[in-house]
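Have a look at the structure below, then the notes.
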Amino acid sequence: MKKFDLIKIINNRIIEKYNLPKDIHGVILDINDNNCAEVLLFNPNNVGDYIILKINNSDFVLEKEKLPKNIQKELYEHLRQINQNAKTHFNPQTVKEYDRVELLVEKEKYAKFGVHKGAQGFVMDAVAVGNNIIVDFSYVDEDGNFFGDCISANIKDLKVINKNGHFV
């Protein structure tokens with residue numbers, strides 16, 4: 001086991017404690033003398049979101065695959081920034097694919113697409129990118145005219161009003 005080896009977490013208690021998805025994989029950032037490792041884990045539900053955990057070596061297994069040397073080099077070059085910005089747990093995903101949502105704020109970035117506070121739409125993808133998710137705010141008015149667009153909206157700007165066909 002060495003720095004930048006790929007791992008898979010196998011301890012279900014760790015998965016539950018830190019709200020991790022099952023079968024999550026990670027990268028070893030540091031190895032401690034007391035049978036622990038610092039592991040970088042990426043959130044598969046929110047691209048760009050990651051955590052660093054100190055876990056026992058018995059809580060994971062090494063993967064056969066290896067990170068390419070250029071990725072290892074890039075990780076090494078940004079390790080200080082990665083550590084500074086790391087969290088210790090993933091926040092639960094509050095919106096899911098096909099949830100009906102309402103826009104809670106009035107912002108120019110939404111208004112330029114004709115989407116305003118109170119607009120309702122449907123989440124179109126299960127995966128967020130930087131806490132932003134694609135929402136279809138399109139609608140047909142009483143005259144049959146089509147308005148709106150699919151746009152990227154910050155999860156914090158949305159309220160779920162109907163979860164995948166079930167009212168909240």
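Just so you know, these numbers use all the heavy atoms, side chains as well, and skip hydrogens, waters and symmetry mates. This one's a predicted model, so the numbers in the text were calculated from it and none came from an experiment.
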Test log, rule side chain to side chain contact (heavy atoms under 4.5 Å, CB included), inputs Val115 and Val135: CA-CA 11 Å; Val115 179; Val135 179; over 6 Å; no
Side chain to side chain contact (heavy atoms under 4.5 Å, CB included) assessment of Leu67 paired with Leu75: CA-CA 10 Å; Leu67 280 179; Leu75 274 173; 3.8 Å; yes
Worked verdict on Asn162 versus Phe122 for side chain to side chain contact (heavy atoms under 4.5 Å, CB included): CA-CA 9 Å; Asn162 188 295; Phe122 290 93; over 6 Å; no
Trace of the side chain to side chain contact (heavy atoms under 4.5 Å, CB included) decision for Val27 with Leu6: CA-CA 5 Å; Val27 179; Leu6 297 174; 3.7 Å; yes
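The environment of NZ in Lys96 is crowded: more than 12 heavy-atom neighbours from other residues, nucleotides or ligands sit within 6.0 Å.
Put simply, the side chain of Asp149 never gets that close to the backbone of Ile151: no donor and acceptor are under 3.5 Å apart. A donor-acceptor contact shorter than 3.5 Å links the side chain of Asn19 to the backbone of Phe90.
Under the side chain to side chain contact (heavy atoms under 4.5 Å, CB included) criterion, Ile10 pairs with Val61, sequence neighbours left out. For Ser138, the side chain to side chain donor-acceptor pair (under 3.5 Å) test picks out Asp136, with sequence neighbours left out. For Glu77, the salt bridge (charged side-chain N to carboxylate O under 4.0 Å, His left out) partners at least two apart in sequence or on another chain are Lys73. For Asp23, the salt bridge (charged side-chain N to carboxylate O under 4.0 Å, His left out) partners two or more places apart in sequence, or in a different chain, are Lys8. Listed by chain and number, the residues in a side chain to side chain contact (heavy atoms under 4.5 Å, CB included) with Lys2 are Asp5, Lys66 (sequence neighbours excluded). Partners of Lys17 under the salt bridge (charged side-chain N to carboxylate O under 4.0 Å, His left out) rule, at least two apart in sequence or in another chain, do not exist in this structure. Under the side chain to side chain donor-acceptor pair (under 3.5 Å) criterion, Asn57 pairs with no residue at all, not counting sequence neighbours. Listed by chain and residue number, Ile9, Ile14, Val39, Leu53, Asp59, Phe60 satisfy the side chain to side chain contact (heavy atoms under 4.5 Å, CB included) test with Ile55 (two or more places apart in sequence, or in another chain). Not counting sequence neighbours, the partners of Glu102 by the side chain to side chain contact (heavy atoms under 4.5 Å, CB included) test are Gln120, Lys159, Ile161. Partners of Lys22 according to the salt bridge (charged side-chain N to carboxylate O under 4.0 Å, His left out) rule, which considers only residues two or more places apart in sequence or in another chain, do not exist here.
One finds the CZ atom of Phe4 at 11.0 Å from the CD1 atom of Ile71 (value rounded to the nearest 0.5 Å). Distance check, rounded to the nearest 0.5 Å: OG1 of Thr94 to CG of Asp99 gives 8.5 Å. In this structure, OH on Tyr98 lies 6.0 Å from CE on Met124, to the nearest 0.5 angstrom. Here the straight-line distance linking atom NE2 of His89 with atom CD1 of Ile51 works out to 8.5 Å at 0.5 Å rounding. Note that CD1 of Ile155 and CG of Leu158 are 7.5 Å apart. Values are rounded to the nearest 0.5 Å. In this structure, CD1 on Ile82 lies 7.0 Å from CG on Leu29, to the nearest 0.5 angstrom.
For the pair Lys163 and Val160, the tightest heavy-atom approach, listed with the atom from each and the gap, is CG-CG1, 3.5 Å. Annotation for Ser152 and Asn132: closest pair OG-CB, 3.2 Å, computed over non-hydrogen atoms. The shortest heavy-atom contact between Leu104 and Lys156 is CD1-O, 4.4 Å. Of all heavy-atom pairs between Ala37 and Ile28, the closest is CB-CG2, 4.4 Å.
Both Ile24 and Tyr18 belong to a single network of hydrophobic side chains, linked directly or stepwise wherever heavy atoms of I, L, V, M, F, W or Y lie under 4.5 Å apart. Val127 and Ile134 fall into different hydrophobic clusters, defined by Ile, Leu, Val, Met, Phe, Trp and Tyr side-chain heavy atoms under 4.5 Å apart, directly or through other members.
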Between side-chain atoms of residues 105-114 and protein atoms elsewhere (two or more places apart, or another chain), which donor-acceptor pairs fall under 3.5 Å?
unit_1, atom_1, unit_2, atom_2, d
Glu106, OE1, Lys117, N, 2.9
Glu106, OE2, His116, ND1, 2.7
Lys107, NZ, Asp157, OD1, 3.4
Lys107, NZ, Asp157, OD2, 3.1
Tyr110, OH, Asn154, N, 3.0
Tyr110, OH, Asp157, OD2, 2.6

Contacts table for residues 40-49: side-chain donor-acceptor under 3.5 angstrom, sequence neighbours left out:
unit_1, atom_1, unit_2, atom_2, d
Asn43, OD1, Asn45, N, 2.8
Asn43, ND2, Asp49, OD2, 2.9
Asn46, OD1, Gly130, N, 3.2
Asn46, OD1, Asn131, N, 2.9
Asn46, ND2, Asn131, OD1, 2.4
Asp49, OD1, Lys87, NZ, 2.7
Asp49, OD2, Lys87, NZ, 3.4

